[in-house]
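When a residue number appears, it is its place in the shown sequence, counting from 1.
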Amino acid sequence: MQFDFDWVDAFSKVAFGGNGCAVVHDAADVPDDVCMAYVRETSLVECTFTGPSEVADIRVRYFLASREIPFAGHPTIATVTALRARGIVQDGSLTLETQAGLIPVEVSGTEVKMTQIAPEFGPEVPADLVAAVGGIRAEDIVAPPQIVSTGLPFCVTVLKDRTTVENLQFDGAALQALCAHMGQSDSNMMEPFWVARSGATPSGDTFSRLLLAPPSPTEDAFTGSATGAMASYLWARGLIDSPDFTAEQGHGMGRPGSAQVRVLGPRDAITGVQVSGHGAIVMSGTVHLPRSL
């Protein structure tokens with residue numbers, strides 16, 4: 001099977017920044033195992049596969065190397081960037097069909113703004129179990145870690161400063177212990193999203209990292225879905241003064257990325273989160289996929 005694809009760096013205005021995603025067009029019906037094999041072949045964290053929709057402008061499926069997920073942020077920016085570059089969508093408003101629901105998107109040139117769904121606040125998680133995943137002390141965590149989702153769940157964990165975020169060391173055994181405590185397998189548990197309330201640059205207000213377990217790469221360069229969950233957490237708990245801020249991620253990897261974030265609604269009744277960023281196409285071509293594995 002042959003499909004057109006675009007490789008896009010999301011949350012960056014230029015190539016080799018932000019987070020890469022391969023967008024495979026008109027491939028939403030490709031079998032799951034083939035999609036996952038393609039992600040492994042690219043060595044990217046996620047890839048998307050698009051197709052027609054009866055309820056939205058475009059249907060988008062999101063895959064990790066290990067499984068399909070309902071939604072992801074940087075692949076959404078990448079997908080819309082690729083669609084616009086091919087003339088499939090124009091500047092203005094459109095809607096994406098995802099397994100997390102319908103996602104409204106606004107496009108203006110290379111900038112894409114997505115409105116993530118209202119947050120779902122899950123259980124708080126013991127700080128000592130979460131700290132162990134990053135090789136830090138429980139005292140380095142300044143607010144109760146909590147599972148939060150704006151389409152994909154993350155364990156949002158706020159640390160005392162940016163240096164602590166930069167010095168994290170992933171512990172896979174500790175992640176398995178955390179998953180066991182939560183009653184989930186490590187294949188279905190999203191790793192902690194580590195946050196500092198200061199940017200990597202003077203332009204940023206937050207700096208974050210997401211350290212990943214195999215078979216994914218060791219770290220995600222920019223995580224748009226977790227950024228929405230993080231923004232909801234910070235606003236709801238009064239940990240930021242304004243619902244509008246600049247989130248930064250990926251600088252320690254040499255892949256700096258940034259997003260403009262706006263939390264919608266009051267602290268006690270958040271209705272959604274707008275996360276916007278740019279995308280840069282790195283390469284385009286044809287992918288040849290088997291019909292089955």
Kindly work out whether a path of hydrophobic side-chain contacts (I/L/V/M/F/W/Y, heavy atoms less than 4.5 Å apart) joins [X] to [Y].
X	Y	value
V8	V39	no
I88	W7	no
V282	V287	yes
L212	M36	no
V273	M230	yes

How far apart are the C-alpha atoms of R61 and D32, what are their side-chain angles, what is the distance that settles it, and do they pass the salt bridge (Lys or Arg N to Asp or Glu O under 4.0 Å) test?
CA-CA 10 Å; R61 299 182 69 193; D32 292 8; 2.7 Å; yes
Show me the pairs that pass side-chain hydrogen bond (donor to acceptor under 3.5 Å, both in side chains) and involve [range], at least two apart or across chains.
range	result
residues 8-18	D9-R255
residues 194-205	T201-E248
residues 282-293	D6-S284

Between [atom1] on residue [X] and [atom2] on residue [Y], distance to nearest 0.5 Å:
X	Y	atom1	atom2	result
C35	R40	SG	CZ	11.0 Å
I141	I136	CD1	CD1	5.0 Å
F245	T206	CZ	OG1	5.0 Å
S242	W235	OG	CH2	6.5 Å
C21	I77	SG	CD1	11.0 Å
I281	T110	CD1	OG1	10.0 Å

Determine the minimum heavy-atom distance between [X] and [Y], stating which atoms define it.
X	Y	answer
A213	E191	N-OE2, 3.0 Å
A78	A10	N-CB, 4.1 Å
V55	S53	N-OG, 3.1 Å
A22	Y38	CB-OH, 3.6 Å
A259	V275	CB-CG1, 3.9 Å
F121	S232	CZ-O, 3.9 Å

Go through it in stages, so that I can follow the logic: the residues are D140 and D161, the test is side chain to side chain contact (heavy atoms under 4.5 Å, CB included), and I'd like the CA-CA distance, side-chain angles, deciding distance and then a yes or no.
CA-CA 8 Å; D140 295 327; D161 54 35; over 6 Å; no
Is the backbone of V112 close enough, under 3.5 Å, to the side chain of H278 for a donor and an acceptor to pair up by distance?
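No: the side chain of H278 does not pair with the backbone of V112.
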Would you say S225's side chain and T223's backbone share a donor-acceptor pair under 3.5 angstrom?
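Flag not set: sc S225 to bb T223 has no pair under 3.5 Å.
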side-chain hydrogen bond (donor to acceptor under 3.5 Å, both in side chains) partner of Y62, the single match among T98, T48, T76:
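That would be T76.
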Begin with the C-alpha distance, continue with both residues' side-chain angles, and end with the deciding distance and a verdict on side chain to side chain contact (heavy atoms under 4.5 Å, CB included) for F222 and Q249.
CA-CA 5 Å; F222 201 100; Q249 189 179 345; 3.5 Å; yes
Close side-chain approach of [X] and [Y], heavy atoms under 4.5 Å:
X	Y	result
V60	E97	no
L168	E166	no
I69	L64	yes
F207	R162	yes
V105	L96	yes
L152	F154	yes
R59	P52	no
D26	F49	no

Residue pairs passing the salt bridge (charged side-chain N to carboxylate O under 4.0 Å, His left out) test where at least one lies in residues 104-128, sequence neighbours excluded
E124-R237
Tell me which pairs pass salt bridge (charged side-chain N to carboxylate O under 4.0 Å, His left out) where either residue lies in residues 210-234, with sequence neighbours left out.
R209-E219
Going by the side chain to side chain contact (heavy atoms under 4.5 Å, CB included) test, name the single residue among [options] that passes it with [X].
X	options	value
L159	V195, V165, N167, V142	V165
T115	T271, L264, T150, I103	L264
V89	T81, D57, T79, L83	L83

Give a yes or no on this: more than 12 heavy atoms of other residues, nucleotides or ligands lie within 6.0 Å of atom CD of Q169.
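At most 12 heavy atoms, drawn from other residues, nucleotides or ligands, come within 6.0 Å of this atom.
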Could you check whether atom CG of D29 has more than 12 heavy atoms from other residues, nucleotides or ligands sitting under 6.0 Å from it?
no
I would like to know whether Q99 and E68 meet side-chain hydrogen bond (donor to acceptor under 3.5 Å, both in side chains); could you show each step before the answer?
CA-CA 10 Å; Q99 289 187 357; E68 184 175 10; 3.0 Å; yes
Check the pair D171, V133 against side chain to side chain contact (heavy atoms under 4.5 Å, CB included), reporting the backbone distance first and the verdict last.
CA-CA 5 Å; D171 187 321; V133 179; 5.6 Å; no
Check ion pair R86-D4 (N to O, under 4.0 angstrom)
yes
Walk me through it: do V30 and V24 pass the test side chain to side chain contact (heavy atoms under 4.5 Å, CB included)?
CA-CA 10 Å; V30 170; V24 186; over 6 Å; no
Mind checking what makes ring pair (Phe, Tyr, Trp, His ring centres under 6.0 Å) contact with Y233, not counting sequence neighbours?
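Ring pair (Phe, Tyr, Trp, His ring centres under 6.0 Å) check on Y233 returns nothing, list empty.
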